2 protein chains.
Amino acid sequence: MTSSQPKSLPRPKKKKPKRRGRPHRSEGGVKARGRLLDAAERLFADRGFYGVTTRQVATMAGADDALIYYHFKNKWGLFNAVFERRARVLITARHDSLNAYVSSSGVKLSAHGAIAAFINPMIELSQNGDLGWKSYFALVAQIDNTPWGGEIIHRVFDTSVHELIEILQRALPGIPKRELYWAYNFLAGSMMLALSETERVDRLSDGLCRAKDLDEVRTRLVNYCAGGFLAMVTEERLAGRA
Amino acid sequence: MTSSQPKSLPRPKKKKPKRRGRPHRSEGGVKARGRLLDAAERLFADRGFYGVTTRQVATMAGADDALIYYHFKNKWGLFNAVFERRARVLITARHDSLNAYVSSSGVKLSAHGAIAAFINPMIELSQNGDLGWKSYFALVAQIDNTPWGGEIIHRVFDTSVHELIEILQRALPGIPKRELYWAYNFLAGSMMLALSETERVDRLSDGLCRAKDLDEVRTRLVNYCAGGFLAMVTEERLAGRA
DNA sequence: GTCTATAACTGGATAGAC
DNA sequence: GTCTATCCAGTTATAGAC
C-alpha cells in the first residue's frame, strides 16, 4: 500500500560476516528437519504458537532459519508437523491398551478399567519415552484450552476418544451417550492439566504435592475420574426414578 | 549490535494524514481506560498474550495506541490489569457463597455442597454478568494451562482456593490434606475447560452436548467432581485397612 | 488525558548461490 | 539440503504537541 519508496536502492554498505563455524550438517546423526521439530516442540510448549519466533526455533535447533520454510512451508506448517508427529504413536498406544483391556477382562468391563487403559499409555510415554513427550503433552494441554485449538485437537484425537466412549458405554449400559461425552470432557480437562505438569499444585499445597511425580498422579487421576463417571450413573438412576 | 547504519537519515518524505474523525472522547460514557481493558480482555482470551498486538487492542477500543502506555505502562501492565480487574469480584462472590453454605448447613457439611458453593458463583457470573466474564474465564483457562501462568494464578486465586480446601477438610475428615489438593487440581482442570466454553465437546459428541449450555454443565460438573472426591475417600479407607 | 510522529527493532518470508 | 542476504510490514515504546 505505502509502496512509494524506491524499489532498488544501490545497497548501502558491506555487512559483517555474521557467524563463522562448522556447518551443522548433522548433529548426533539427527538431521536438521528433526532438530527443528524438537526445538519447535519445546519452544511452542513453553510459550505457545505466537510466543515463539521462527528464528528462536532455528537457533535452538542449530539450523538455519530458511530451512523451516524449506521443510515446512511456513510457521503454521511447522506447528502442525510438531503436533502430528507424536499423535500417531500416542493413538496407536492407546488403541492397543484399550484393546488389551477389553480382551483381557472378557465381559465384565468397568469404567475404572477403561479409564486406566486410556490414561496409562500417556503416563507411560511421559515417564519412559524420550523427553520430548513432556513438551508434547504440555503443548497439547495448552492448545486444548484455546478457542482456536478445537479444530486441530478434533482432527487429530477424536477418533481415539470414540474408542474409549464405546467401551465405557458397554461398561455402563444404563447411561445415555451424552452423559458419557460430558464426563469425558471433564476427564480431559483434569488429564491434560495433570500431564502438562504445570506446578500449580506444588504451590497451592506448599510442596505437599508435586505435579512432576506421575506415579502419584496416575492412581489418583484414574480413581478420581472413575468416581466422577460413577456419580453420573447414580444421578441418572435417581433422575430416572422420578 | 548491528548498529553500523547511519543514525539520522534526513526524513524521506511527507507522511499521509492518517485517520481524520471525531476524537473518541468517551463512548457510551465509558472512558478510554475501561474500553482498553474490555478490548484487551476479549483479544487476549481469543489469542493469548503473544497473539495480540497493542495496536489491535487500541483499534478495537477505539482509542489511541499511546494510551495503553499512559495508563498501563506497557503490554504486560495491560495484561495484569485485565487479569486482576475481575478477580476481586470473583473472589468476593466465592467467599460469600462458601460462607453462606457453611452457615446454612450447620455441622453436616458435604463435599457436594462445598463444591457447588465454589463453582456456582462462576457459572452465575458467566450466565448473568456482563459478556466480558466469558472472555475472562476463557482467558484464565488459557493461562492456567501455560507453564508461565502458574505465577499469576497463584498470586491471584490461591487464597480463595484455600477457603474451599478448609471446608472440604471438615466435610471429609478422614482424608489427608494432600489428597484434597490433588483432587482440587483435577477439579480445576475440568472446571476451567468447562468455563472456557471451548466447543470441544460439541464436535466430539456431534452436537449432542453443547458447551455453551451452562445449565447443563453446572449440575453435571458438580456431580462429577463430588464423585471424584468421594472416590478418593473410599480409596483412602481401603488403603488404610491394609 | 489524548493524539501525532517516529524511533528502534523484530517478525515471517523469499531468492538464489553453493 | 543448506546457507547468505535481504525485504519490508509490523512491533513495542517514547517524546512532545495539544
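Letters A, B, ... are given to chains in the order of the sequence lines, protein chains preceding strands, and every chain is numbered from 1. Just so it is clear, the values below take in all heavy atoms, side chains as well, and ignore hydrogens, waters and symmetry mates. Fair warning: this is a prediction, and the values are worked out from it, not measured in the lab.
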[X] [atom1] - [N] [atom2] separation (whole Å):
X     : N      : atom1 : atom2 : result
B:Y50 : C:dT10 : OH    : P     : 16 Å
B:F72 : D:dT14 : CZ    : C1'   : 18 Å
B:Y70 : C:dC3  : OH    : C1'   : 13 Å
B:Q56 : D:dT12 : CD    : C1'   : 13 Å
B:L67 : D:dT14 : CG    : P     : 14 Å
B:I68 : C:dC3  : CD1   : P     : 12 Å

Whether the A:Y184 and B:S205 side chains hold a donor-acceptor pair (N or O, under 3.5 Å, no angle test) is what I'd like checked. no

Does a salt bridge link [X] with [Y], judged by any charged N lying under 4.0 Å from a carboxylate O?
X      : Y      : value
B:D215 : B:R210 : no
A:R94  : A:E163 : no
B:D130 : B:R86  : yes
B:R220 : B:D213 : no

Could you tell me whether B:V57 contacts a base, only the sugar-phosphate backbone, or nothing, with contacts defined as non-hydrogen atoms closer than 4.0 Å? nothing

Just compare D:dT4, C:dT2, C:dG12 and give me whichever is closest to any side-chain atom of A:D64. D:dT4

Anything under 30° is parallel, anything over 60° is perpendicular, the rest tilted; go ahead and classify B:F49 against B:W76. parallel

Its contact letters, B for base, S for sugar-phosphate only and - for none at protein heavy atoms under 4.0 Å, make nucleotides 13-18 of chain C read BB----

Can you work out whether B:R33 or A:V52 has the more 5'-proximal nearest nucleotide on DNA chain C?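 Nearest nucleotide further toward 5': that of B:R33.
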
